[in-house]
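These numbers come from the heavy atoms of this one structure, side chains and all, not from hydrogens, waters or symmetry mates.
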Amino acid sequence: MGISADNKKGSALILVLWIIGMLSMITLSFVFDAHLEGKIVSFSRKQLKCEVLANSGIELAKSYLHRSRLVTGNESDDDKLNDPQYKEADELRQGRTVTITREMTTSDGEYAGTITVSIKPEESLRNLNKLTEEDWERILELEGIPEDYWPELIDSYFDWTDKDDEPRENGAETEDYYSTLTPSYSAANAPFQTVEELARVKGFTSAILSGGILNPSDPPESQIVISNGISRLFTTYGSGKVNINALGNNELGQRILQTLPGVDDIGAGAIIEERENSSYTESDEEDRSFSNVDNARTRLNDYVEDKEFFNNISTSSQIFNITSVGQYDKVTKKVSAIVYVKGDIWRILEWREEQ
C-alpha cells in the first residue's frame, strides 16, 4: 500500500520545520556565544584598564612623595596656589596620611577611569619585631587581655623569633609544640615577615589578634570580650620608633601612644591635641607638626612621665604604605605596596594585588 501525496507533503513539512528549528537553535547558540564572548572581552579590557590605572597610581604616589621632599611650608601664597601637588605634598612632609583622587581622560577628553591613591606613613605603627617584654605588657593590658594570659603570649612570641630551639618556661618551639599540631609546622626562629604570621604563634588566637570572645567555652557570664585586637597596632617595617606626626587623630593613634613608655590615656590625648592645636603656632595655617624630636621634647615634656618615651619616637618617615585603586565603569583593581623612600632612592618592599 503506497504512501499518499498528502502524507508525503506532511512528512516533508515536519522535516523542514525540524531543520528550521535546529538551525534556529544553532543560530541562537552562536548569537549567545558571541554576546557572552563580547562581554568577556569587554570585561577583560576594563580589567586591563583598571590594572594600568592602579599601577599608575603607585607612580602618582611616587611623584607626590618626591615633591614632599622639596616643599618647606614657607612657600609664597602664589606658589602654593599654582602648584597642584602642593597641598598633599606639604601634608606628607608633615607626616600626614593623604588620599588623592584623579579622574583620567583620553587625549580626546573622554573619561578613561578613576585613580584613588592613599599614602600612609607605615611607621605610625609599632614594629612587631622590635617589641620588648615591657612593650608587650603595656599592649596586652591596654587591649584588656587578662594578666594570666601574658606569660604564654610573651614567651611564645620570643620563642618564635629567637634563633634557638629551647622553649621558654611558658613558650613553645617546634619539637615540643608546633610539630604536634595538625597540620604541623616549624617555629620561624626569625623575625616576622608579616603581621598575619603572628596567628601561627601559640596563644595568639583570633580574638586576641582581631577581637572577639577570648574564652568562648566558658559560661556566658564568665566570657571576656576583646574589642579590637592587637593586629591593628603592628607593622613589620621600620626602625621601631613611632612617627608621632603620622599618628591618626583618633582612638588608634592615642592607643599606639599609650603603648610607649610613660604615656597614659590623658597624656596621649594631650600629645595629639598639642600637635593639632599647638600653642607654638600663631595662626591656623601654620605647620603644627613636630619638627624634630628635640622640638617634641620641648612641647611634650609635661605630658610624659617616663622620658624614655622620647627615645622611642621619630618625627619623619622613610617607609610608606600606598594603596592604589583603579576604577573603570564597575570594574576595580587594587594594588598595595610598602615602599622605602630616602632621597632619590625608591624601593618596593612588598607588593599585593587584588580585584
Side-chain angles (χ1 to χ4, degrees), residues 53 55-107 109 111-124 238-239 241-250 253 270-301 303 310 313-326 337 339-347:
L53 288 167
N55 290 335
S56 298
I58 300 295
E59 293 301 314
L60 182 64
K62 184 177 180 179
S63 72
Y64 273 93
L65 285 167
H66 173 74
R67 185 74 185 90
S68 70
R69 295 192 298 107
L70 305 178
V71 300
T72 64
N74 299 317
E75 288 78 6
S76 69
D77 290 341
D78 286 342
D79 287 340
K80 293 176 182 179
L81 289 172
N82 293 328
D83 184 351
Q85 290 188 324
Y86 182 83
K87 179 178 180 295
E88 291 86 356
D90 192 46
E91 289 178 349
L92 286 171
R93 177 188 66 81
Q94 296 178 46
R96 312 288 177 149
T97 295
V98 303
T99 300
I100 304 153
T101 300
R102 292 284 184 272
E103 283 198 358
M104 310 303 291
T105 58
T106 65
S107 56
Y111 174 71
T114 302
I115 300 172
T116 302
V117 182
S118 172
I119 309 171
K120 177 183 178 181
E122 186 70 1
E123 289 148 304
S124 62
S239 66
K241 295 186 176 184
V242 174
N243 180 356
I244 58 173
N245 282 330
L247 292 171
N249 184 11
N250 51 30
I271 290 169
I272 296 293
E273 177 67 17
E274 170 58 30
R275 190 193 66 193
E276 297 298 307
N277 300 288
S278 175
S279 58
Y280 282 74
T281 59
E282 296 180 358
S283 74
D284 291 340
E285 295 182 358
E286 288 188 53
D287 178 5
R288 299 183 179 118
S289 61
F290 301 101
S291 55
N292 52 50
V293 174
D294 286 338
N295 175 250
R297 184 179 286 107
T298 300
R299 294 164 59 180
L300 302 178
N301 196 58
Y303 307 138
F310 296 105
I313 64 169
S314 71
T315 57
S316 61
S317 293
Q318 295 178 337
I319 299 176
F320 297 85
N321 187 328
I322 301 171
T323 301
S324 175
V325 178
V339 301
Y340 171 81
V341 183
K342 184 177 181 181
D344 293 328
I345 298 173
W346 166 276
R347 185 181 305 142

J.: Spell out, as yes or no, whether a donor-acceptor pair under 3.5 Å connects the side chain of Asn295 to the backbone of Ser291.
T.: yes
J.: In chain order, what residues pass the salt bridge (Lys or Arg N to Asp or Glu O under 4.0 Å) check against Arg93, with sequence neighbours excluded?
T.: Asp90, Asp287
J.: At their closest point, which heavy atom of Val117 faces which heavy atom of Ala61, and how far apart are they?
T.: CG1-CB, 3.8 Å
J.: I'd like to know if the side chain of Glu91 and the backbone of Ala89 have a donor-acceptor N/O pair within less than 3.5 Å.
T.: no
J.: What verdict does the salt bridge (charged side-chain N to carboxylate O under 4.0 Å, His left out) test give for Arg96 and Glu276, after you've listed the backbone C-alpha separation in whole Å, the side-chain angles of each residue and the deciding distance to 0.1 Å?
T.: CA-CA 11 Å; Arg96 312 288 177 149; Glu276 297 298 307; 2.9 Å; yes
J.: Which pair of heavy atoms, one from Ile119 and one from Phe320, lies closest together, and at what distance?
T.: CG2-CD2, 4.1 Å
J.: Please check this pair: side chain of Asn245 against backbone of Phe290, looking for a donor-acceptor N/O pair closer than 3.5 Å.
T.: yes
J.: Between Arg299 and Glu273 (salt bridge meaning N to carboxylate O under 4.0 Å), is one present in this structure?
T.: no
J.: I need the minimum non-hydrogen distance between Leu300 and Glu274, along with the two atoms involved.
T.: CD2-CG, 3.9 Å
J.: Should Asn55 and Ser324 count as side-chain neighbours, where that means a heavy-atom distance under 4.5 Å?
T.: no
J.: When you look at Ser118 and Thr99, which way does the side chain to side chain contact (heavy atoms under 4.5 Å, CB included) test go after all the steps?
T.: CA-CA 4 Å; Ser118 172; Thr99 300; 4.2 Å; yes
J.: Do the side chains of Val71 and Tyr86 get nearer than 4.5 Å, heavy atoms only?
T.: yes
J.: Show, in sequence, the C-alpha distance, side-chain angles and deciding distance for Ile58 and Val339, and conclude whether the side chain to side chain contact (heavy atoms under 4.5 Å, CB included) test is met.
T.: CA-CA 10 Å; Ile58 300 295; Val339 301; 5.5 Å; no
J.: Could you check if a side-chain atom of Arg275 sits within less than 4.5 angstrom of a side-chain atom of Ile244, using non-hydrogen atoms only?
T.: no
J.: Step through the shown structure and confirm whether more than 12 heavy atoms of other residues, nucleotides or ligands are within 6.0 Å of CZ on Arg69.
T.: yes
J.: Rounded to the nearest 0.5 Å, what separates atom CD in Gln94 from atom OG in Ser68?
T.: 11.0 Å
J.: Work out which heavy atom in Gly253 is nearest to a heavy atom in Asn250; give both atom names and the distance.
T.: N-OD1, 2.8 Å
J.: Are Ser314 and Glu123 linked by a side-chain donor-acceptor pair shorter than 3.5 Å?
T.: no
J.: Quick check for you: to the nearest 0.5 Å, what is the distance between Leu81 atom CG and Ser76 atom OG?
T.: 8.5 Å
J.: How close do Ala296 and Ile313 get, counting heavy atoms only, and between which atoms?
T.: CB-CD1, 4.1 Å
J.: Does any non-hydrogen side-chain atom of Tyr64 lie less than 4.5 Å from one of Ile100?
T.: yes
J.: Can you find a heavy atom in the side chain of Leu65 that is under 4.5 Å from one in the side chain of Ile322?
T.: yes
J.: Quick one: closest heavy-atom pair of Gly326 and Leu53, and the distance?
T.: CA-CB, 3.8 Å
J.: For Gln318 and Val341, what are the C-alpha separation, side-chain angles and deciding distance, and is it a side chain to side chain contact (heavy atoms under 4.5 Å, CB included)?
T.: CA-CA 5 Å; Gln318 295 178 337; Val341 183; 5.8 Å; no
J.: Can you tell me how far CG of Asn277 sits from CD1 of Ile272, rounded to the nearest 0.5 angstrom?
T.: 11.0 Å
J.: Do Arg102 side-chain atoms and Leu60 backbone N/O form a donor-acceptor pair below 3.5 Å?
T.: no
J.: Taking atom CG of Asn292 and atom OG1 of Thr298, what is their separation to the nearest 0.5 Å?
T.: 8.5 Å
J.: Calculate, to the nearest 0.5 Å, the distance between atoms OG1 and CG belonging to Thr315 and Asn243 respectively.
T.: 6.5 Å
J.: Keeping to residues at least two apart or across chains, list the salt bridge (charged side-chain N to carboxylate O under 4.0 Å, His left out) pairs with something in residues 58-68.
T.: Arg67-Asp83
